[in-house]
Each structure stands twice: as structure tokens, then as C-alpha cells.
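Have a look at the structure below, then the notes.
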Amino acid sequence: MPSGAGSHNPAGIGRSLPERGLLLLMVLVFLEGSVLPLGAASSPDIRHQENVDNHKAADPGHNFTKKAFPVLDLDYKHIQTPFEISLWVLLASLMKLGFHLIPRLSSIVPESCLLITVGLLVGGLIKLAGEQVPPVLDSRLFFLCLLPPIILDAGYFLPIRPFMENLGTILMFAVVGTLWNAFFIGGLLYAVCQIQPANPNPLHAMELLPCLLFGSIISAVDPVAVLAVFEEIHINELLHILVFGESLLNDAVTVVLYHLFEEFAGAGTVTVMDGVLGVISFLVVALGGVLVGAIYGILSAFTSRFTSHTRVIEPLFVFVYSYMAYLSAEMFHLSGIMALIACGAVMRPYVEANISHKSHTTIKYFLKMWSSVSETLIFIFLGVATVDGPHAWNWTFVTVTVILCLVARVIGVVGLTYVINQFRIVKLTTKDQFIIAYGGLRGAIAFSLGFLLDKNHFPMREMFLTAIITVVFFTVFVQGMTIKPLVELLAVKKKQEAKRSINEEIHTQFLDHLLTGIEDICGHYGHHHWKDKLNRFNKKYVKKCLIAGERSKEPQLIAFYHKMEMKQAIELVESGGGVKLPSAVPSTVSMQNIQPKKPPPAKPAERALPQLPKGREEEIRKILRSNLQRTRQRLRSYNRHTLVADPYEDGFGDLLLKKQRMIELEKKIKDMSNYLTVPAAPPDSPTMCRARLASGKHIHLSSPQMQTLDYSTSTIFTRQDKTHPVANSTHRDQTPTLSQHITPAATDISPPPLMEICLHVTAGM
Amino acid sequence: MGSRASTLLREEEIEEIKKETGFSHSQITRLYSRFTSLDKGENGTLSREDFQRIPELAINPLGDRIINAFFPEGEDQVNFRGFMRTLAHFRPIEDNEKNKNASTNEPLNSRTNKLLFAFRLYDLDRDDKISRDELLQVLRMMVGVNISDEQLGSIADRTIQEADTNGDNSISFNEFIKVLEKVDVEQKMSIRFLH
């Protein structure tokens with residue numbers, strides 16, 4: 001039995017103990033194995049240099065000594081960098097896996113804490129092994145590679161409606177709150193540094209501007225940490241969007257303050273002119289970032305309009321355009337985070353209307369995967385950098401910083417809420433304020449910004465870094481761990497998990513129109529008025545440019561309904577196409593459409609599932625299951641350039657059209673007389689073939705083919721088992737219901753047997 | 001215009017409206033000047049044409065229904081009190097009002113009354129049920145002319161199916177409330193201006 005596992009697992013989980021133990025052992029081995037190359041990486045240059053020297057020295061002698069031909073050679077240098085990167089990523093992912101195997105641990109301690117601990121361990125191991133810890137949290141690596149995926153993931157899936165509704169509040173917290181924090185912390189720190197009497201203290205040498213710079217670095221709430229912690233506590237949407245929105249939008253403030261104080265820390269003074277320039281700079285940074293993001297977003301949406309023939313690379317456009325938006329913004333020292341958010345938010349509605357279902361899934365999962373890995377790596381690196389970084393511990397400075405951070409946050413939130421509540425309809429309660437204040441976590445961005453400081457300008461750099469790390473640890477560990485029990489204790493409203501129903505969608509739109517009308521009657525140009533104007537503009541001009549084909553005219557309600565139908569259809573097929581369905585059947589072809597004149601009392605009974613005899617049901621289920629499975633197996637290989645046509649997507653419009661025609665067809669057939677007495681045609685007869693051909697394309701069937709379809713109604717029951725001739729009449733009314741269940745998923749699947757079944761069933765009455 | 005407005009609106013009337021609707025004094029005067037600016041005929045009441053003259057209302061899909069909501073049963077003119085009574089539904093809910101127990105007279109802007117107002121906009125024939133046809137009409141207004149009847153029909157069916165709990169194939173007021181329980185009606189049906 002592996003030794004490491006025993007201490008973690010309580011006796012109760014004895015059943016899977018060996019498996020878990022093995023996995024933990026594997027993880028530990030990996031750790032050990034990876035530590036050495038990672039550590040060795042930092043000192044290869046010396047060895048390499050020696051080798052080169054040796055080679056040079058041996059060169060003259062090289063012509064004479066002929067070595068044996070190396071059959072197997074170890075060349076680590078060749079693959080060093082990619083290998084290390086992969087190793088770190090693998091480590092991060094295995095850690096993530098490992099944590100979820102220990103259930104109790106992951107429910108008490110948030111993942112971020114565990115990851116930092118792992119980072120500490122890895123850093124410690126490397127140091128123990130005597131190697132130099134690699135400078136992993138390099139600022140360039142962080143800002144250019146690790147941060148963008150997380151922000152893009154957040155921006156692309158940002159819930160726009162709550163964000164916009166609370167935008168005023170969010171901006172207040174982000175801008176005014178961060179400014180308040182920065183100046184409060186910086187100013188008071190300077191004051192504290194000055195009041196050290198008698199003791200010769202290195203703190204005396206601190207000037208005001210470095211203090212303010214430090215204040216601005218430490219004051220910003222970190223989106224990565226907030227995401228990591230809030231993800232696990234499932235708090236209600238309002239609080240989540242407030243804290244998260246604040247963490248995203250305060251980037252502009254941080255950028256401006258950081259550059260401002262960094263520039264002038266050397267000069268020593270900041271004049272009023274600089275202050276004014278700072279304000280202008282803030283507006284430029286914020287609005288410029290948003291503008292850059294929006295431009296790239298529109299470009300991306302426009303490009304996606306033309307990708308209907310090359311579906312494979314659709315996700316790539318989303319990723320590359322967004323990354324370029326980030327880089328372009330960073331190039332001008334604008335706010336890269338805001339650019340990313342703007343890009344993702346702007347392009348999403350149009351791109352989603354244009355791309356295929358598969359691409360949508362791809363984008364979603366890639367974004368989640370990258371952001372997850374990034375987040376994990378960031379926390380691990382934070383731990384490693386803590387072990388490594390040069391530290392200058394100063395009790396006063398660090399403790400005062402931590403206390404001031406907390407105090408500043410609380411005062412800031414309370415003060416701002418008082419002002420904001422004058423303007424809000426739904427006021428923020430004390431509980432809300434507490435959670436907002438408590439959720440102000442600092443994270444890796446602060447650390448990286450501190451790391452960027454130049455040692456020459458800022459002799460106090462190490463002290464700053466130590467203080468920053470302490471604050472980050474404090475917020476992530478203490479606040480991160482205790483926020484979940486506090487949320488439970490205070491009975492804060494949790495997130496409501498229910499899916500959005502069509503009712504809510506309809507009524508919300510209804511209320512929007514209603515409120516716009518009332519606002520117009522009052523003559524008040526409020527929130528709804530402008531939103532309505534924007535929607536109208538969007539519908540009239542923008543959608544036409546950016547969305548391909550027919551979907552540009554599709555109203556939002558219809559698009560929502562389609563999405564819902566598609567989801568249900570896919571769920572239906574994935575569950576084996578079983579006949580037993582819950583009552584919420586996608587009623588695109590509902591009984592009411594076909595027979596509108598039926599009296600109301602009969603309707604509930606009709607909408608219930610058909611009463612097929614048990615044997616028949618089993619038969620149908622078997623047929624469906626086997627044929628649907630066969631469909632999947634047929635997709636064995638495909639050319640990279642031409643994906644197999646997805647039955648669930650690209651022609652959903654055609655699907656609906658076909659359904660409509662089928663409804664008409666059914667109506668026509670119903671009017672025709674009963675062809676009960678004609679026996680079923682054998683499967684290979686010309687009539688069957690004709691029916692098969694007809695089913696593959698459109699359904700403009702002329703009367704002979706319609707008759708064929710009627711003849712072959714009974715085939716579904718007679719195909720497999722010829723000894724059960726079906727009495728058509730009893731099932732006449734019930735087969736259409738069967739079609740409802742099958743058609744959404746299976747209409748466009750090519751294998752003829754299934755097509756046959758479906759078509760015949762749909763057509764048969 | 002201003003002086004005429006104040007002479008036409010007596011203090012007692014303002015007090016009465018205040019008691020009935022909960023608006024403040026300044027709000028009432030402000031809305032009164034809006035009322036008179038809409039009242040082209042200058043006879044102290046608004047007719048349907050006065051409302052229809054508002055340009056944005058003409059392009060609002062629910063414009064006609066909203067206008068109808070102002071006019072009580074069968075009448076063609078609405079006076080200032082009726083105007084205020086309807087607008088009172090959209091006043092934001094005060095915190096102290098939230099804690100009031102369910103007294104016999106709920107304020108006009110309580111959650112239930114707001115929902116009732118919205119419900120009545122769907123339910124034209126006032127039979128306390130939103131039938132499939134009524135729902136279809138509203139959907140048709142909101143969605144435009146490009147969508148086929150069948151599609152709208154299936155959306156309507158789906159909507160009723162989701163909401164209907166007692167199987168009468170229409171949405172009653174209680175079912176309506178239940179469906180919207182997750183929606184923050186207090187915020188969605190309030191206009192800050194009217195605070």
C-alpha cells in the first residue's frame with residue numbers, strides 16, 4: 001500500500017482507497033521526476049558553456065579521434081523549453097485531478113489555496129534539490145500568456161444583461177473604490193513610515209510616491225482570485241456580477257495609476273498638471289481599450305459571416321481576434337483587459353448566430369480548458385515564486401499593509417454603497433455590502449506588477465514584494481476559506497440553477513416593451529428607452545451586416561426557441577431515442593397543429609403518450625436503439641477539410657422547413673382514404689426504393705408516392721418480424737406522436753433503414 | 001402653461017392622488033405638466049389619439065395595448081387621476097413598504113399589483129386566463145410578420161405547457177405569478193423616474 005495516501009484518506013473510503021493511493025503516488029513520483037529537470041533547467045547554460053569549451057579544445061584533436069557512432073543519445077537541450085512547459089502544464093492538470101479525488105478536502109479548502117500550497121511544495125523541493133528555482137512568474141509570461149485566456153473566458157461568457165443593468169454601480173466601485181483604496185493605503189503607509197521615532201528604520205527612507213505606487217498596486221481587486229473563489233460558492237447573480245465586474249473594470253485605473261506613479265517616482269513630485277493628465281489618461285486608457293476591443297469584435301463577427309464552408313477553423317477566428325485585441329491594446333498601453341472583455345462581449349451574439357453548433361461547443365470547451373489551466377498554473381507559480389523571490393521581511397510594513405487593506409476596503413464599500421443606494425431601485429443590503437467587501441481578493445496581478453518594478457528606481461522592491469505576497473496569501477487563504485461558511489451563516493441568496501424557460505424569455509421581452517412604452521408616455525428618456533433604441537439600431541443595420549443569410553432577420557425570441565428545441569432534440573437522441581419521454585415534449589409537430597378542431601377535453605389525453613402494447617414498444621425501442629447506434633459507428637473517419645454533415649445543425653432551418661412540409665403532407669394524407677387492406681410492400685421493391693429516394697431529398701411527393709408511403713406504413717412494425725402483421729387502424733392515430741419523438745433528431749441521418757422507418761412513420765397515419 | 005397647470009390642479013386633488021398612489025408632491029406636479037402637454041384638446045382628459053401622437057409609442061409593438069390599459073372599461077377619455085393611477089403601478093417599491101403586512105389595501109405598486117397589470121395586458125377579454133389565442137396575439141405583435149403561424153403556434157403551445165399546472169390549457173393569474181417568481185419583477189417593472 002502506498003504510504004502517502006494513508007494519512008489523507010479516512011477509513012470510510014476504503015473501497016476506492018487503492019485507486020486513490022495509486023494516483024497520489026503517481027502524482028508524487030511525477031513531482032519528484034519533474035522537479036529535477038525543472039531545476040536543472042536553470043543551470044544548463046553553465047554546463048553547455050563547458051561542453052562548448054571542451055569541444056573547442058578538442059577540435060584540433062577532433063580530426064584524429066573518431067568516436068563510436070552514437071546509437072542512443074540524450075539531448076535534453078534540444079527539447080528543453082517545450083518539455084518544461086508541458087511538464088508544468090501536466091503537473092497543474094494532475095493536481096487538479098488529484099484534488100477532486102479527496103472529497104472532503106475540496107469542500108473545505110478552495111482550490112486556489114491548495115494550488116498555492118502545491119506551488120510552495122514544488123518550490124521547496126526544487127530548493128532542497130539544490131537547484132535554482134526557475135523564475136516562473138515572469139511578468140511577460142504572465143501578462144501575455146497566462147492572463148488572456150482567463151479574461152477572454154470571462155468576457156465571452158459575461159452575462160450582458162445583469163452587467164449592463166448594474167453598470168453604474170460597478171463603475172463606481174471600480175473607479176472610485178480603487179482610487180480611494182490606493183490613496184488611503186499609500187498615504188497612511190507613508191504616514192506610518194514617518195512616525196518611527198528613535199529606531200533607525202529603513203522605512204524612514206520611504207518617500208510618498210513609492211508608497212502611493214505600492215498602494216495602487218495592492219488596491220486592485222484581482223479577477224483571477226475572485227473567479228477562483230466565487231466560482232465555488234455559487235452566490236446570487238447580482239453580487240457575483242458586482243464583485244467580478246469591479247475586478248475587471250478596475251484594470252484601467254490600475255494601469256493609469258501604476259504608470260503615473262512609476263513615471264514620477266523618479267522625479268519626486270507630482271503637479272496638478274500631472275493629475276489632470278492622469279485623469280485624461282484614464283479616460284483614454286479605458287475608452288480606448290473598449291474601442292479597440294469593439295473593433296476587433298466587429299471584425300471577428302464579420303469574418304464569421306463567411307465561414308459556412310470552412311467550419312473547422314471557426315473557433316480559431318474567435319481566439320485569434322481576441323488575442324490580437326489584447327495585444328493591440330497592450331501595445332498602446334491601453335487597458336488590455338477591457339479590450340478583451342469588449343471584444344468577447346461584442347462579438348458573441350453575432351458569432352453565435354453564424355457558427356455551427358460544433359464550433360460553439362469547441363469554443364466553449366477550449367476557453368474553459370485554457371482558462372482553467374491558466375488559473376491553476378498562476379496559483380502554482382505564485383507558490384513557487386514565493387519560495388524563490390528575494391524577501392525582505394519588515395513586520396511593521398507588512399502588518400500595517402494587511403490591516404490597511406482590510407480597513408480601506410470596508411470603508412470604501414460602505415461609503416460607496418451609501419451613495420449608490422440613492423440611485424438604485426433594488427438597494428444593496430448590509431449583507432450584500434459585507435460580501436462585496438469580503439470578496440475583495442488580491443491576486444497574481446498585484447504580484448506581477450510588483451515584480452515589474454525596477455530595482456534601481458525602487459530600492460524597496462523586495463519589501464514591496466514580500467508585503468504583496470503576504471496580502472495575497474492572506475486574502476486567498478483566510479478570506480477564500482472562510483467566505484463559504486460565512487455565506488452559509490449569513491444566509492445570503494444563492495444562485496438559482498434553473499434553466500431559462502421560454503416563459504421567462506417571452507415575459508421579459510414583454511415587460512421590456514411595456515416599460516419602454518410607459519417611459520415614452522412619461523416623456524422620460526430612461527434606461528429602457530435607450531436600450532430599445534440600441535436594439536432597434538442593432539436589428540436594422542448591424543445584424544444585416546454581421547449575420548449570414550436568413551438568420552439576420554430572426555427575432556430574438558425565435559432564436560431562443562430554436563436553441564431550446566435543438567438542445568432537447570439532442571438530449572432525446574442521446575438518451576437512446578427511447579419512447580418514454582417526460583411531458584415536456586418538443587411540440588414542433590404537435591397534435592394541435594394537425595387537428596386543431598378537436599374539442600378541448602380530448603387534448604390532455606392526446607398529448608399523453610400513445611398507449612402502444614408493451615411488445616410493440618419494446619420492438620420500436622430496439623429498432624431505434626440499434627439504428628441510432630449504427631449511425632454513430634458510421635462516422636469512422638473523415639477528411640479534415642470536409643467534416644461529415646452534422647445532423648443536428650447546419651440545416652436546422654431546412655429541418656424546420658421539412659417538418660412544415662411534413663405537416664402539410666400529413667394533412668393531405670389524412671384526407672385521403674384508408675389504404676388498410678393493401679399488404680405491405682417488401683423492402684426492396686421499387687416502391688420502397690422510390691420512397692427511400694424521396695425521403696433523402698425534398699418531400700414534394702406526388703400522389704403515387706404518397707400512396708406508397710401509405711402502403712408502407714406498416715413496415716415499421718413488419719420489418720424485423722414478418723409474423724406480426726399490424727392492424728393499421730388501431731395505430732393510425734398514434735404513429736404521428738411517435739414521429740414527433742423521432743423527427744427532430746433523425747430526419748437527416750442518411751442510413752436508409754432508419755430513414756425508411758422515420759419517413760414511413762411520419763407519413764403513415 | 002406653468003401657471004395654468006397649477007391653477008387647474010387643486011391642493012386637495014394633489015393630496016388625494018398622493019394618498020392613493022404614493023407619489024410625492026413634486027412628482028405629481030411634474031407628471032401633471034406632462035399630462036397637459038399631451039392633452040392637445042385642453043379639456044382635462046386624454047383620448048386615445050393624444051396617446052397615439054407620441055412617436056415612440058407608434059413603433060412599440062405593444063403600443064395599442066398599453067394605451068388601452070390607461071382607459072377604464074369602455075371609456076374613451078382618461079382624466080389625470082386615472083392617468084396617475086395607472087402610472088402608480090410602476091413606482092419603485094420602497095423598502096418600508098416591503099415590510100408592510102398584507103393589509104386589505106395593497107399599495108398600487110406592490111409586486112402582485114404590478115403582475116396583475118401585466119397580466120391584464122395579455123388577458124384582453126378579462127376572463128382571468130391567458131388563452132392560447134391571446135398568447136398568440138401577443139407573440140405575433142412582438143415577433144413581427146416573418147414567422148409562420150405554425151411556428152408561433154408551437155411556441156405558444158410550449159409556453160402554455162410549461163406554465164400550465166392545472167391542465168386547463170391556459171395560464172391563470174396564479175400560474176403567471178409562479179412562472180415569474182424567479183424574475184425580479186420589482187426591478188423590471190419599476191421606473192426610477194417615478195421614485
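All heavy atoms count here, side chains included; hydrogens, waters and symmetry mates do not. Protein chains get the first letters and strands the later ones, always in sequence-line order, with residue 1 at the start of each. Computed from a prediction, not measured in an experiment: that's the story for all the values here.
- In this structure, CD1 on B/I191 lies 5.5 Å from SG on A/C522, to the nearest 0.5 angstrom.
- B/I66 touches chain A through its side chain: at least one heavy atom from C-beta onward sits under 4.5 Å away, while N, CA, C and O do not.
- Counting only distance, with no hydrogens or angles, the side chain of A/N503 and the backbone of B/T159 share a donor-acceptor pair below 3.5 Å.
- Note: B/F70 CZ to A/I521 CD1 = 4.0 Å, rounded to the nearest 0.5 Å.
- Rounding to the nearest 0.5 angstrom, the gap separating the NE2 atom in A/H513 from the CE atom in B/M141 is 9.5 Å.
- For the ring-ring contact (aromatic ring centres under 6.0 Å, His included) test, residues two or more places apart in sequence or in another chain that qualify with B/F173 are B/F119.
- With a 4.5 angstrom heavy-atom cutoff, B/L139 touches chain A only via side-chain atoms.
- A/L511 touches chain B through its side chain: at least one heavy atom from C-beta onward sits under 4.5 Å away, while N, CA, C and O do not.
- Within the model, atoms CG of A/D532 and CD of B/E56 stand 9.0 Å from one another, a figure rounded to the nearest 0.5 Å.
- With contacts defined as side-chain heavy-atom distances shorter than 4.5 Å, the pair B/L62/A/T516 does not qualify.
- Taking a 6.0 Å sphere around NZ of B/K178, one finds it holds 12 or fewer heavy atoms contributed by other residues, nucleotides or ligands.
- Looking at B/S148, the atoms closer than 4.5 Å to chain A (heavy atoms on both sides) all sit in the side chain, from C-beta outward.
- Counted within 6.0 Å of CG on A/N421, heavy atoms from surrounding residues, nucleotides or ligands total more than 12; the atom is thus considered enclosed.
- Separation of atoms CZ (B/R158) and CD1 (A/I506) is listed at 10.5 Å; rounding is to 0.5 Å.
- For a residue to count as touching a neighbouring chain, one of its non-hydrogen atoms must lie under 4.5 Å from one of that chain's; by this rule A/E165 touches chain B with the side chain only.
- Rounded to the nearest 0.5 Å, atoms CG (A/L515) and NZ (B/K188) are 9.5 Å apart.
- Judged as a salt bridge (Lys or Arg N to Asp or Glu O under 4.0 Å), and not counting sequence neighbours, B/E175 has no contacts.
- For A/F423, the part lying under 4.5 angstrom from a heavy atom of chain B is the backbone only.
- The contact between B/I59 and chain A is made by backbone and side chain atoms together, counting heavy-atom distances below 4.5 Å.
- Counting heavy atoms from C-beta on, the side chains of B/F51 and A/D520 never come closer than 4.5 Å.
- Looking at heavy atoms from C-beta onward, A/H507 lies in side-chain contact with B/F176 at the 4.5 angstrom threshold.
- When B/N60, B/I171, B/L180 are compared by the number of non-hydrogen pairs under 4.5 Å with chain A, B/N60 comes out ahead.
- A/E505 CD: more than 12 foreign heavy atoms inside a 6.0 Å radius.
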